[in-house]
There are 2 protein chains.
Amino acid sequence: MLELAILGFLYDAPLHGYVLRRHIAALTGHVRPVAESTLYPAIKRLEKAGLLVRATEPGAVAAPRHVLRLTEEGGRELRRRLAEPAQREITDENHWFTLLAFLRHLADPAAQAAVLRRRLAFLEEPASFFYEGDRPLSAEELEDPFRRGILTIARATSRAELAWLRDTLASLGRAGR
Amino acid sequence: MLELAILGFLYDAPLHGYVLRRHIAALTGHVRPVAESTLYPAIKRLEKAGLLVRATEPGAVAAPRHVLRLTEEGGRELRRRLAEPAQREITDENHWFTLLAFLRHLADPAAQAAVLRRRLAFLEEPASFFYEGDRPLSAEELEDPFRRGILTIARATSRAELAWLRDTLASLGRAGR
DNA sequence: GCACCATACATCGGTGCCGAGGTATAGCGT
DNA sequence: ACGCTATACCTCGGCACCGATGTATGGTGC
């Protein structure tokens with residue numbers, strides 16, 4: 001998830017670590033802050049894998065900056081990760097939102113639509129949080145107000161996302177033709 | 001999050017690992033599956049910490065079961081984690097839902113309300129995913145349909161959750177008096 | 001003059017988590 | 001007889017992540 005965000009932000013423009021960190025904090029930090037001690041090793045991993053290169057520049061304000069630039073291999077890897085996400089990237093909302101934030105980098109509308117359809121299929125699976133045996137329980141059947149809240153909120157999210165997915169798939173379909 | 005789920009499920013009734021795993025899978029597994037190699041070490045951690053005890057029983061179907069039972073210390077620890085969650089448990093939806101699923105184990109309505117108010121405060125903070133400088137961008141301002149989707153979905157979720165939170169806080173207030 | 005904060009990068013130890021693989025028993029189909 | 005699936009538990013290696021801490025510089029407030 002973090003690596004995807006790094007690749008995604010660098011795809012648009014080279015950045016140094018500190019600014020990259022603020023971008024990531026704006027995107028996911030509200031929900032899940034990213035520690036510096038996670039970001040810098042992640043950058044090093046990507047560098048080691050040949051997905052980005054670092055160039056030292058004198059710091060505009062303070063210490064010298066390491067400006068990060070995506071390599072061609074890095075761009076390919078980003079597109080690969082966007083086009084063929086692991087199932088976790090589809091099901092976990094945190095991961096999914098990160099993926100969505102960069103899905104425009106996938107040039108082909110058909111490829112974008114294919115990813116959206118995987119999410120659609122996931123959301124259309126019947127699933128609950130609470131079961132009585134194998135039978136899923138609805139919000140109305142629960143006495144616990146907190147568990148009822150979970151189902152109520154999840155249902156509202158799901159409804160909004162399904163509507164958006166169908167709209168967007170329709171307009172991608174038009175664009176693809 | 002996993003440890004909270006284990007403590008939460010065992011608070012109601014003793015279970016053995018295999019059944020516990022199915023409970024957890026129903027609760028969070030749709031979004032984020034739990035590997036056995038994560039669950040069993042987690043159980044051992046909790047046992048080592050004195051939060052639960054294991055009793056071997058002959059297996060009903062196959063191998064012998066280790067029935068897990070919460071100790072008093074375990075019950076206290078669960079209530080402590082529910083009453084004083086880390087900020088991550090409040091902000092990350094996955095964690096938050098897990099917490100909500102067991103919040104009823106907190107006997108005092110005032111303590112339950114205090115936790116809900118922390119979530120309410122978090123949701124009421126102005127926050128976006130995308131900024132132009134320091135100014136948050138609204139869905140309407142975004143050209144990217146995918147980023148617009150993120151904001152649309154997040155807004156729907158937030159609205160549903162705020163409504164539920166206010167309702168529930170109101171009825172907890174009545175109950176508390 | 002000094003504290004404090006923002007910028008900018010880095011290391012280290014600890015820990016939670018995961019995939020791959022292993023061990024066993026029992027039942028079902030072929 | 002053989003494979004398959006479900007039950008039931010476990011270990012190991014690897015890795016992502018985090019908090020704490022360190023090292024600089026330069027600007028702001030008092």
Side-chain angles (χ1 to χ4, degrees), chain A residues 1-7 14-25 28-29 31-49 51-68 81 86-89 91-92 94-95 98 133-134, chain B residues 1-7 14-25 28-29 31-49 51-68 81 86-89 91-92 94-95 98 133-134:
Chain A
M1 198 176 105
L2 174 60
E3 293 185 3
L4 188 68
I6 296 172
L7 296 173
L15 295 171
H16 61 274
Y18 202 78
V19 170
L20 179 59
R21 196 184 170 225
R22 279 202 273 103
H23 279 79
I24 293 172
T28 65
V31 160
R32 180 185 270 269
V34 177
E36 288 191 7
S37 51
T38 306
L39 177 61
Y40 287 110
I43 290 172
K44 287 203 170 169
R45 278 201 303 278
L46 296 176
E47 188 192 16
K48 209 172 160 189
L51 306 182
L52 57 83
V53 287
R54 291 199 286 180
T56 304
E57 276 185 17
V61 180
R65 296 164 163 181
H66 290 184
V67 174
L68 312 171
R81 292 192 192 201
Q87 193 56 17
R88 173 71 128 269
E89 317 290 319
T91 61
D92 188 320
N94 295 150
H95 291 243
T98 305
D134 279 341
Chain B
M1 197 175 106
L2 175 60
E3 293 185 2
L4 187 68
I6 296 173
L7 296 174
L15 296 171
H16 63 274
Y18 201 78
V19 170
L20 180 59
R21 192 178 175 232
R22 280 203 275 103
H23 277 79
I24 293 172
T28 65
V31 159
R32 181 184 269 270
V34 177
E36 288 191 6
S37 51
T38 306
L39 177 62
Y40 287 110
I43 290 171
K44 287 204 169 168
R45 277 200 305 279
L46 296 176
E47 187 192 17
K48 210 172 157 189
L51 305 183
L52 57 83
V53 287
R54 293 199 283 182
T56 304
E57 276 185 17
V61 180
R65 298 162 162 183
H66 290 182
V67 175
L68 311 171
R81 292 192 193 202
Q87 194 55 20
R88 173 71 128 267
E89 316 291 318
T91 62
D92 188 319
N94 295 150
H95 291 244
T98 306
D134 279 342

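Naming: A, B, ... by sequence-line order, numbering from 1 per chain. Hydrogens, waters and symmetry mates play no part in the numbers below; they use all other heavy atoms, side chains included.
In this entry the distance linking CG of Leu15(A) with P of dC9(C) reads 11 Å, nearest Å. Between Arg21(B) atom CZ and dC18(C) atom C1' the separation is 12 Å, expressed in whole Å. Atoms CD (Gln87(A)) and P (dC18(C)) sit 15 Å apart, rounded to a whole Å. Taking atom CD of residue Glu89(A) and atom P of nucleotide dC18(C), one finds them 13 Å apart after rounding to whole Å. Residue Ile43(A) contributes atom CD1, which lies 9 Å from atom C1' of dC9(C) at whole-angstrom precision. Distance NE2 (His95(A)) to P (dC18(C)): 10 Å, rounded to an integer number of Å.
The two residues Thr56(B) and Pro64(B) have their closest heavy-atom pair at CG2-CB, 4.1 Å. For the residue pair Val31(A) and Arg88(B), the shortest heavy atom distance occurs at O-CD, 4.2 Å. Residues Tyr40(A) and Tyr18(A) share a closest heavy-atom pair of OH-N, 4.1 Å. Listed here is the closest heavy atom pair of Pro14(A) and Val67(A): CB-CG1, 3.9 Å.
Using a cut-off of 4.0 Å between Lys/Arg side-chain N and Asp/Glu carboxylate O, Glu89(B) and Arg81(B) are scored as not salt-bridged.
The closest donor-acceptor contact from the side chain of His95(A) to the backbone of Thr91(A) lies at 3.5 Å or more, if one exists at all. Put simply, the side chain of Arg21(B) gets close to the backbone of Val34(B): a donor and an acceptor are under 3.5 Å apart.
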**Report entry** Sugar-phosphate or base contact per nucleotide [nucleotides 9-20 of chain D; S, B, -; heavy atom under 4.0 Å]
**Finding:** BBB----SSBBB
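An end-to-end axis angle of 30° holds for the helix from dG1(C)-dC30(D) to dT30(C)-dA1(D), taken from five base pairs per end and rounded to 10°.
Across Leu52(B), Val53(B), Leu68(B), a single residue satisfies side chain to side chain contact (heavy atoms under 4.5 Å, CB included) together with Glu47(B), and that is Leu52(B).
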